[in-house]
Amino acid sequence: YAARAGLAGLEFLIGIPGTIGGGLRMNAGAYGTEFRDITIRAHGVDRKGQTVSATPDEMGMAYRHSDAPADWIFTHATFRAVAGDKAAIKTRMKEIVASRGDAQPRGVRTGGSTFANPPGAKAWQEIDAAGCRGLMVGGAQVSEKHCNFLINTGGASAHDIETLGETVRARVAARGGPALRWEIRRVGQEGGTPARTKNTSGAKNISGAADTSRSPGTTGRTGV
Ligand SMILES: Cc1cc2nc3c(=O)[nH]c(=O)nc-3n(C[C@H](O)[C@H](O)[C@H](O)COP(=O)(O)OP(=O)(O)OC[C@H]3O[C@@H](n4cnc5c(N)ncnc54)[C@H](O)[C@@H]3O)c2cc1C
């Protein structure tokens with residue numbers, strides 16, 4: 001819509017799957033722009049049925065984070081854009097799609113970036129340096145293409161995904177790296193089926209859970 005209407009500044013949204021509500025909650029972003037940069041005001045309703053609204057500052061929107069009360073359900077928002085050339089907007093969108101295709105796994109089951117980038121560092125580089133590229137727990141695997149993506153290779157359980165993520169965190173910390181913060185929001189009850197060890201040609205396997213601060217349970221994000 002924005003491209004057809006000649007509205008520039010929203011191009012980064014092309015590669016981020018999800019809804020406006022999820023994007024506001026997560027302060028989703030890519031290619032140097034995030035929801036807080038384009039949001040004028042978000043509107044919603046709370047659990048009592050009262051309408052609510054706030055600006056990005058009032059909601060404490062920061063890197064992949066919002067302080068909006070947990071019971072707020074966003075229903076709509078007003079965004080900022082600038083007049084732009086339609087062809088240039090479409091070109092930029094195509095560039096972003098192509099760039100994502102080069103850097104990220106396509107056609108796989110993934111929740112996207114698993115961990116937020118630590119201040120001054122890239123999560124994928126820390127994961128790679130810790131030797132976790134291709135690491136597997138059951139049916140869950142650290143992407144060979146982009147180390148910050150965890151992939152369900154077929155039959156991964158939520159427990160597999162979460163155990164793999166916690167193992168990655170532990171290995172990064174063990175080599176003196178930063179504490180990785182889950183960007184994926186994990187929901188549901190703790191506990192689950194134990195991780196399975198499976199030998200896959202060329203892939204590294206581990207068994208059992210790493211040192212975790214939270215027992216692996218259900219990992220939730222659309223697409224996992
Ligand atoms: C392949 C892939 C690539 C991705 N690339 C990026 C990227 O480049 N940048 C990035 O930031 N993210 C990226 N993500 C993550 C994801 O797209 C974003 O986090 C997105 O904002 C999630 O939106 P959603 O609607 O799916 O929300 P969900 O994942 O369903 O929910 C996320 C959170 O928002 C809350 N929420 C959802 N809807 C509402 C609502 N209406 N009101 C209030 N709270 C709500 C949920 O309760 C949950 O806490 C990627 C994911 C995938 C699978």
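Note that the structure is predicted; figures quoted are calculated from it, not measured. We number each residue from 1, following the sequence as shown. Whatever order the structure lists ligands and atoms in, that order sets their numbers, starting from 1.
In this structure, the side-chain contact (heavy atoms from CB on, under 4.5 Å) partners of Leu13, at least two apart in sequence or on a different chain, are Leu10, Phe35, Ile38.
Between Ile73 and ligand 1, not a single N/O pair is under 3.5 Å apart. When only interatomic distances are considered, the shortest N/O to N/O separation between Thr19 and ligand 1 falls below 3.5 Å. Annotation: Gln104 places no N or O atom under 3.5 Å from an N or O atom of ligand 1; distance criterion only.
Of all atoms in ligand 1, listed by their number and element, those nearer than 4.0 Å to a heavy atom of Thr110 are 53 (C). In summary, the atoms of ligand 1 found under 4.0 Å from a heavy atom of Gly23, numbered by their order in the structure, are 21 (O). Taking a cut-off of under 4.0 Å to the non-hydrogen atoms of Arg64, the atoms of ligand 1 that pass are 11 (O). Near Trp72, with a cut-off below 4.0 Å to any heavy atom, the atoms of ligand 1 are 42 (N), 43 (C). Near Met26, with a cut-off below 4.0 Å to any heavy atom, the atoms of ligand 1 are 19 (O), 32 (C), 33 (C). If you number the atoms of ligand 1 from 1 as listed, the ones under 4.0 Å from a heavy atom of Ala28 come out as 10 (C), 11 (O), 21 (O). Close approach to Gly111 involves these atoms of ligand 1, each under 4.0 Å from a residue heavy atom: 51 (C), 52 (C), 53 (C).
Remark: among candidates Gly29, Ala30, Ala116, Pro105, the nearest residue to atom 10 (C) of ligand 1 is Gly29, based on non-hydrogen atoms. Closest heavy-atom approach to atom 16 (C) of ligand 1 within the set Gly112, Gly18, Pro17: this belongs to Pro17.
Between Lys48 and Asp71 there is no salt bridge, since none of the side-chain N atoms of the basic residue sits less than 4.0 Å from a carboxylate O of the acidic one. Comment: Glu162 does not engage Arg169 in a salt bridge, judged by the lack of any side-chain N to carboxylate O separation of less than 4.0 angstrom. The existence of a salt bridge linking Glu11 and Lys90 is excluded, since no basic side-chain nitrogen approaches an acidic carboxylate oxygen closer than 4.0 Å.
The shortest heavy-atom contact between Gly9 and Thr33 is O-CG2, 4.5 Å.
Residue-environment remark: NZ (Lys94) stays at or below the threshold of 12 foreign heavy atoms within 6.0 Å.
A side chain to side chain donor-acceptor pair (under 3.5 Å) with Arg36 holds for exactly one of Asn27, Thr55, Asp57; it is Asp57.
The hydrophobic clustering, which links ILVMFWY residues whose side-chain heavy atoms are closer than 4.5 Å, places Leu135 and Ile184 together.
Within the 4.0 Å heavy-atom criterion, neither part of Arg186 lies near ligand 1.
Without hydrogens or angle criteria, Ser99 side chain to Glu95 main chain gives no donor-acceptor distance under 3.5 Å.
Proximity of Ser113 to ligand 1 is not established, as no heavy-atom distance is less than 4.0 Å.
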